[in-house]
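This report concerns only the one structure given below.
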Amino acid sequence: GCSSTGGKRAEEARAKASAAGGSAVTTPRWKVAMVTHAGAGDAFWDTVRKGAEQAAAKDNITFLYSNDAQTQNQVQLVQAAIDQKVDGLLVTLAKGDAMADVLGKAKAAGIPVITINSGQEFSARFGALTHIGQDESTAGQAAGGELAARGRKNVLCVIHEQGNVGQEQRCSGAQGRAGGAFQVLYVDGVNMPDARAAISAKLQADPAIDTVLTLSGPMAATGLQAIQDARRPVELDTFDLGTQVVSGLKAGTVGFAVDQQPYLQGYEGVDLLWLYRSNLDMLGGGKPVATGPQILTKENADALAEYVARGTR
Amino acid sequence: MTTPVPLLPGTELLALSGVGKTYGTVRALEDVSLTLRTGEISCVLGDNGAGKSTLIKIIAGLHRHDEGTFTVGGEEVTFDSPRQALDRGIATVYQDLAVVPLMPVWRNFFLGSEQGHKRWGGLRIDADGMRATTRSALADMGIDLPDVDRPIGTLSGGQRQCVAIARAVHFGAKVLVLDEPTAALGVKQSGVVLKYVTAARDAGLGVVLITHNPHHAYLVGDHFTLLKRGRTAGSHPRAEIGLEQLTTEMAGGSDLAELSHELGRPSTTPDPASDHSAEERPQP
Amino acid sequence: MTTPVPLLPGTELLALSGVGKTYGTVRALEDVSLTLRTGEISCVLGDNGAGKSTLIKIIAGLHRHDEGTFTVGGEEVTFDSPRQALDRGIATVYQDLAVVPLMPVWRNFFLGSEQGHKRWGGLRIDADGMRATTRSALADMGIDLPDVDRPIGTLSGGQRQCVAIARAVHFGAKVLVLDEPTAALGVKQSGVVLKYVTAARDAGLGVVLITHNPHHAYLVGDHFTLLKRGRTAGSHPRAEIGLEQLTTEMAGGSDLAELSHELGRPSTTPDPASDHSAEERPQP
Amino acid sequence: MSSPDVLVQDRERPAALRRLAGRPELGALIAAAAVFLVFAAVAEPFLRVPSLGTVLYAASTIGIMAVPVALLMIGGEFDLSAGVLVTTAALTSSMVSYQLTAVTWVGVLVSLAVTLAVGLFNGWMLARTRLPSFIVTLGTFLMLTGANLGVTKLVSGTVSTKPISDMEGFASCRWLFASEVTVGGLTIKATVWWWIGLLLVGSWVLLRTRFGNWVFAVGGDAAAARAVGVPVARTKTVLYLFVGFGAWVLGQHLLFSFDTVQSGEGVGNELIYIVAAVIGGCLITGGYGSVVGSALGALIFGMASKGIIYAQWNPDWFKFFLGAMLLLAALLNTWVKRRAERGPR
Amino acid sequence: MSSPDVLVQDRERPAALRRLAGRPELGALIAAAAVFLVFAAVAEPFLRVPSLGTVLYAASTIGIMAVPVALLMIGGEFDLSAGVLVTTAALTSSMVSYQLTAVTWVGVLVSLAVTLAVGLFNGWMLARTRLPSFIVTLGTFLMLTGANLGVTKLVSGTVSTKPISDMEGFASCRWLFASEVTVGGLTIKATVWWWIGLLLVGSWVLLRTRFGNWVFAVGGDAAAARAVGVPVARTKTVLYLFVGFGAWVLGQHLLFSFDTVQSGEGVGNELIYIVAAVIGGCLITGGYGSVVGSALGALIFGMASKGIIYAQWNPDWFKFFLGAMLLLAALLNTWVKRRAERGPR
Ligand SMILES: Nc1ncnc2c1ncn2[C@@H]1O[C@H](COP(=O)(O)OP(=O)(O)OP(=O)(O)O)[C@@H](O)[C@H]1O
Ligand SMILES: Nc1ncnc2c1ncn2[C@@H]1O[C@H](COP(=O)(O)OP(=O)(O)OP(=O)(O)O)[C@@H](O)[C@H]1O
Ligand SMILES: [Mg+2]
Ligand SMILES: [Mg+2]
């Protein structure tokens with residue numbers, strides 16, 4: 001049951017499972033909790049969750065999801081999962097050191113932990129079985145390299161959540177490799193009109209900017225609007241996908257997208273926990289499993305469109 | 001001025017019978033009855049905390065009574081809001097919640113009864129007309145306020161009271177209810193208010209007047225109800241009671257005269273009878 | 001009771017001279033002077049909006065005067081806050097901002113002058129002691145309130161006024177300032193307040209008393225200042241003025257007697273002299 | 001007895017000046033001018049014509065909501081749900097049109113019904129329970145935040161809506177809510193017209209109608225207003241409906257200019273609307289304020305937040321500058337008002 | 001003349017019951033019981049002993065701030081900067097210790113100085129400018145949010161602080177602010193003790209001291225309080241200092257239990273503190289409320305937010321449930337209070 005591409009197969013598995021009146025496996029009904037540092041209503045995390053849910057359906061697992069962007073609340077949510085005596089735990093480590101204590105408790109309670117998405121450097125130290133995800137700095141560097149390769153001279157990196165470590169890492173990673181001038185702009189990610197006006201204002205203020213680098217799918221869409229408002233040929237590049245990113249790639253308004261396959265992070269997380277519990281398997285022997293960065297361009301756009309529309313890429 | 005009519009045998013405007021009211025654990029009114037007819041001024045007198053304001057608030061629709069019946073024009077009612085009382089023609093001046101401090105004087109004056117502009121079919125208010133009306137209504141009471149756009153909170157206590165009274169008189173339809181209207185007023189303004197009250201009576205309205213001043217009450221009242229600890233301690237038509245008796249009943253036997261005696265001020269009459277009751281004494 | 005002392009030649013407590021005050025564009029006071037000595041009751045009278053409350057607020061430290069000088073105990077002062085006035089022994093009862101409605105009666109009574117518990121070195125307040133004091137101070141004024149834990153906002157208008165007065169009297173140090181203390185009070189409570197005022201005078205305090213009631217004023221006052229449109233319209237020691245004259249000056253010539261004549265009520269004396277001035281008439 | 005007898009002297013001052021000095025928005029006007037001058041001095045791009053369009057757009061997206069929020073505040077109440085209600089409006093419109101495969105106008109109308117229903121709920125809860133509006137609308141705020149996400153996931157399967165730009169009626173809706181005209185380099189977005197329209201209507205209603213009088217009264221002293229027969233609960237409910245209407249307009253703009261809507265948006269904007277109203281001279285306790293002032297508040301906010309970008313100040317400190325700006329504007333505002341009240345001496 | 005003469009009849013009711021019925025926190029107590037019962041019925045893990053520890057911990061991290069915020073609200077003012085001030089406290093402590101390579105106690109003390117200084121600034125601005133506290137503290141809120149990020153980036157080069165767990169003094173600081181004791185499966189964190197301590201002190205000060213009397217007075221009617229000589233500005237400033245103190249305690253807890261601090265956190269928590277205070281019976285307009293009530297409010301919030309997790313309700317609807325919970329608790333609260341006031345009839 002270890003799959004690395006898409007949810008199609010998982011969906012079929014689930015369809016088969018439900019047709020058979022149960023799941024595809026015969027292990028007992030385990031309970032796995034995933035606690036992320038996501039804000040509410042974030043498209044990226046929705047995809048992660050979808051992957052996890054589909055794997056859980058297939059593996060006869062009760063899947064519990066909770067999220068909170070604040071460190072102390074995320075810690076409390078992990079603690080609540082431990083209180084519920086779950087059989088496995090998936091945790092994001094965006095807040096690094098802060099999770100040390102509570103993951104120690106999970107270990108003491110005998111709950112296997114896999115870390116996902118961010119915090120690769122902490123994963124092993126906190127006793128996690130493995131880490132599945134993308135190192136944000138590496139992803140940033142990949143973006144920077146691609147920017148340099150495309151000859152972008154003056155890049156504006158748009159951070160939509162001020163003080164978010166992962167976003168800072170993406171921007172600074174890109175800055176390190178991009179070569180040309182590089183600036184950062186903070187916008188309010190939950191207020192799109194304001195973000196749009198802010199990016200336009202920045203483009204108006206600095207005519208030298210030739211590239212806008214956004215850090216999420218929805219922000220890419222807003223960035224495109226702002227570029228339109230500025231009436232200048234500015235290229236937009238982005239992290240993560242989204243319907244508008246894909247159509248942008250197709251139309252040529254979006255240069256490239258750095259993808260980390262969020263679906264895979266959720267799906268594999270659950271699936272690896274199931275494998276560990278049922279067969280004591282561990283992929284890569286416990287070494288971090290990278291799901292990105294993957295640079296997607298116009299060439300990939302057509303192939304991706306269907307999956308993005310479905311919400312699994 | 002019209003000739004005095006001690007008790008105009010008009011139609012009954014409102015009647016309370018056996019009314020009671022409890023606030024939480026405080027029994028403010030108990031078994032109080034009162035009838036008001038057209039062309040009659042009914043005075044309610046009593047000590048502090050006797051329940052006078054509570055009685056008025058029931059009539060005005062601000063509080064609901066817990067016991068007894070309250071009829072307006074013969075029909076039993078329980079008001080849910082002052083609007084209902086106003087709609088039945090009961091206009092009230094309250095002792096403590098008269099005005100909205102931050103609003104200009106003229107807006108306060110017309111609050112709830114705004115005057116529409118003819119040309120706009122009443123949708124748009126006629127601000128200038130309302131300003132002018134307010135100015136003249138106040139001037140009639142001896143208050144000259146060229147700038148009726150001032151927030152009413154910047155007026156003196158008495159001036160505010162005057163606005164509230166002028167408003168009630170201006171819009172008063174059938175019943176005018178006044179809670180200690182003259183308390184904060186000077187001699188002159190008190191006189192004006194009392195004149196208004198009699199004018200309203202003569203126009204056929206019914207008036208309920210609360211006051212601590214037996215002189216003011218006796219000057220205009222047709223009927224006197226005395227409250228004590230929330231209960232009716234006396235109910236007399238004018239014919240049955242004199243000012244002296246009224247003052248004595250109100251003060252529970254004591255009086256300022258007594259006090260001035262105690263204080264031993266030189267100006268005080270050694271006469272044990274109330275100095276205030278002088279007007280009751282037979283003419284020399 | 002002590003023998004009357006028309007004007008006690010005490011030391012000067014406070015003096016205003018040529019004081020003026022403007023609110024925005026409204027000139028509320030202009031060139032007003034007033035002197036208060038120990039053992040003296042100085043009454044301020046005037047029409048609505050004449051500036052009486054403004055004068056009191058300057059003395060109490062609530063507003064600053066714009067013109068003139070204000071000396072307390074011979075020293076020129078400009079108060080920034082009521083605290084400074086209180087610290088110099090000036091206790092005030094205001095016409096409109098007396099109490100904090102949501103606070104229990106006893107907390108209001110002691111507000112700003114809380115009584116510390118002996119055992120706690122004054123850090124912890126002596127709630128029971130304060131409750132008992134409040135209860136007895138109110139009982140002395142004829143208000144029986146077993147539950148002094150009630151929010152003061154649920155008291156009747158007059159009861160609230162009584163608490164404010166009892167408080168000022170209780171904590172009054174050298175100067176007691178009262179703005180229309182008897183306006184909302186019944187005959188009995190008014191009497192109590194006037195007795196307090198004279199008792200304070202007899203104890204050597206100075207009292208500034210504002211009232212609309214010339215009878216109350218004349219009953220206790222040693223000096224009378226008349227305000228009109230913010231200016232001094234008259235300033236008389238008791239010896240120089242009679243009640244009748246005072247009433248006439250206050251009312252600007254008109255009077256209730258005149259009014260009752262106009263109204264034509266049967267009880268009114270046809271005597272053109274004020275019915276109120278009866279006490280001034282030589283004894284029969 | 002009817003001779004004028006009370007001293008009220010008005011100092012000699014031109015009537016127009018005196019009128020202005022007494023208006024709640026005077027301070028905001030001067031603060032807005034000051035903010036404009038600061039950025040005109042330090043940020044060269046700020047004065048360019050296209051920049052003006054950007055600033056106006058930013059101000060209008062705040063101002064559209066600031067108008068009803070200011071009216072509500074004058075009426076003595078808060079609405080913490082105003083921010084997410086905008087998102088609710090956009091989500092509803094999008095999902096209804098998409099799911100029914102109907103002309104987008106259907107979604108637009110259903111969305112109006114929903115926002116008005118939320119306004120009605122707020123007003124009704126307030127009147128029935130007599131809870132403070134802070135609590136009631138905080139409840140609605142949380143519930144709407146949850147429902148935005150929950151319903152969207154339930155209906156669309158993802159946390160954002162599906163694109164509807166290829167649907168019938170989209171073009172005309174877009175024209176109404178999200179078009180733009182460019183005159184001599186200055187781009188004016190549709191939101192600016194909506195803003196001006198709401199401003200005029202709101203201001204007229206507040207100052208020139210009976211309902212406006214009631215708004216001042218219920219905010220200044222609800223008990224006194226009730227005592228003279230003003231329908232307090234109904235007045236407040238209408239104000240909440242008006243907030244719903246504003247949210248609907250802005251929500252449709254959001255939808256028809258961005259095509260898809262994220263369900264998590266809008267949180268926190270309610271505070272910005274309130275700030276605009278307060279800077280514009282509304283008293284937080286109600287009973288005093290102006291609609292025009294709220295527009296000036298929105299303009300100050302728009303100029304400050306975009307001016308900092310034009311001035312290219314260190315972006316790390318963006319919020320710091322914004323806070324300092326806000327405090328300074330508010331300070332200037334009160335200082336001016338106090339000077340004006342004291343008169344020309 | 002001194003004979004009691006006014007009707008005040010107290011119905012026969014046990015004194016203790018009457019006392020309780022009049023207390024502001026009665027409603028919150030019953031609402032808390034109701035929330036507890038709901039989750040006890042639907043969520044099996046909710047009743048386990050370790051869960052109790054988790055709920056208590058969650059409640060304490062709200063409650064520590066809810067105590068001073070409630071006092072401030074009783075004193076008639078808001079503090080929107082309370083949420084980010086906690087982060088400021090943690091950041092300052094961490095960075096000072098790290099940059100000076102000093103014993104962590106140095107950072108802890110400097111942090112206390114900084115939070116108190118912010119409180120002082122809030123109080124001083126309020127008194128000097130007479131702006132509404134909503135605006136003043138919103139300004140501080142934005143400025144602190146910006147400064148948290150700006151200073152951290154300036155000093156640490158990143159948006160979070162460096163770990164300090166290997167520094168001298170860390171262990172003792174951790175013991176004070178972030179230790180835990182486990183008794184029979186129940187883990188009690190240090191924050192719970194701090195919470196109880198602040199609760200007792202706050203409640204005692206409010207109800208039993210002269211200062212507490214002033215707090216009620218300045219919130220109930222600042223003008224009246226000022227008129228009887230209460231130092232209004234000073235009283236409010238002290239309340240802001242107390243908020244600063246609470247933020248310091250919670251900030252140190254965050255630092256010493258999580259080792260590093262993210263500079264962008266804390267935004268939005270100020271509303272939760274206010275909610276806890278209001279559910280606990282504080283009047284939003286000031287002058288009425290209780291400290292114990294704020295604790296019940298924090299407990300309700302802690303139980304609801306964790307109970308939803310234990311009950312395994314759909315997380316998409318989390319906020320919706322939370323909002324509904326809040327509204328129901330507030331409704332129950334007022335209903336109980338009104339019943340209690342009406343007496344046993
Ligand atoms: N805060 C204020 N702002 C503007 N004008 C004011 C203010 N307070 C009082 N005034 C005005 O100053 C004048 C004097 O008012 P003041 O309150 O002193 O009168 P008063 O003699 O106490 O009247 P009353 O007997 O009615 O209480 C009045 O015209 C009043 O409208
Ligand atoms: N809202 C309330 N809650 C509780 N008790 C109240 C409330 N309003 C009035 N009372 C009590 O009811 C009694 C009657 O009050 P009311 O105001 O009717 O007296 P009143 O006759 O108008 O007195 P005054 O002459 O002093 O105005 C008093 O004991 C008062 O304390
Ligand atoms: Mg009364
Ligand atoms: Mg006065």
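The structure displayed is predicted, hence computed values, not measured ones. All values below come from the heavy atoms of this structure, side chains included, with hydrogens, waters and symmetry mates left out. Proteins come first, then strands; the chains are lettered A, B, ... in the order of their sequence lines, and each starts at number 1.
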- Note on the structure: Taken to the nearest 0.5 Å, the spacing of T54(E) OG1 from L77(A) CG works out to 10.5 Å
- Item | Spatial distance of atom OG (S160(E)) from atom NZ (K95(A)) [nearest 0.5 Å] | 9.5 Å
- Query: With a 3.5 Å cut-off and no angle check, do the side chains of Q70(A) and N269(E) form a donor-acceptor pair?
  - Reply: yes
- Message: Within the structure provided, determine whether R48(E) and D83(A) are in side-chain contact (heavy-atom separation under 4.5 Å).
- Response: no
- Where does A100(A) contact chain E at under 4.5 Å (heavy atoms): side chain, backbone, both or neither? neither
- Task: With rounding to the nearest 0.5 Å, note down the distance linking OG1 in T62(A) to CD in Q312(E).
- Result: 7.5 Å
- What's the spacing between D101(A) CG and E180(E) CD if we round to 0.5 Å? 7.0 Å
- Query: Relative to chain E, which segment of N67(A) carries a heavy atom at a distance below 4.5 Å: side chain, backbone, both, or neither?
  - Reply: neither
- Item | Whether E265(E) side chain and T71(A) backbone form a donor-acceptor pair below 3.5 Å | yes
- Crowded around K306(E) NZ? As in, over 12 foreign heavy atoms under 6.0 Å? yes
- Would you mind checking which part of N314(E) comes under 4.5 Å of any heavy atom in chain A, side chain (CB onward), backbone (N, CA, C, O), both or neither? side chain
- Message: Looking at K162(E) and D97(A), is any side-chain nitrogen of the basic one under 4.0 Å from a carboxylate oxygen of the acidic one?
- Response: no
- Query: Where on V261(E) is there a heavy atom nearer than 4.5 Å to chain A: the side chain, the backbone, both, or neither?
  - Reply: neither
- Is it the backbone or the side chain of V75(A) that comes under 4.5 Å from a heavy atom of chain E, or both, or neither? side chain
- Part of I309(E) within contact of chain A (heavy atom distance under 4.5 Å): both
- Query: What's the spacing between Q74(A) CD and F258(E) CZ if we round to 0.5 Å?
  - Reply: 9.5 Å
- Contact part of S51(E) toward chain A, heavy-atom cut-off under 4.5 Å: side chain, backbone, both or neither? both
- Message: Salt bridge check, R49(A) against D316(E): does any charged N sit closer than 4.0 Å to a carboxylate O?
- Response: yes
- Query: Quick one: what part of A81(A) sits under 4.5 Å from any heavy atom of chain E, side chain, backbone, both or neither?
  - Reply: neither
- More than 12 foreign heavy atoms under 6.0 Å from CD of Q183(A): is that the case here? yes
- Heavy-atom proximity to chain A below 4.5 Å, by part of S257(E): backbone
- Query: How many angstroms lie between atom NZ of K189(E) and atom CD of Q79(A), to the nearest 0.5 angstrom?
  - Reply: 5.5 Å
- Item | Contact winner vs chain A - T152(E), L149(E), D259(E), heavy-atom pairs under 4.5 Å | L149(E)
- Item | Exercise: identify the closest heavy-atom pair between Y310(E) and A80(A) | CE2-O, 3.5 Å
- Identify which part of E168(A) has an atom lying under 4.5 Å from any heavy atom of chain E, answering side chain, backbone, both or neither. side chain
- Query: Any chance NZ of K105(A) has more than 12 other-residue heavy atoms, nucleotides or ligands included, within less than 6.0 Å?
  - Reply: yes
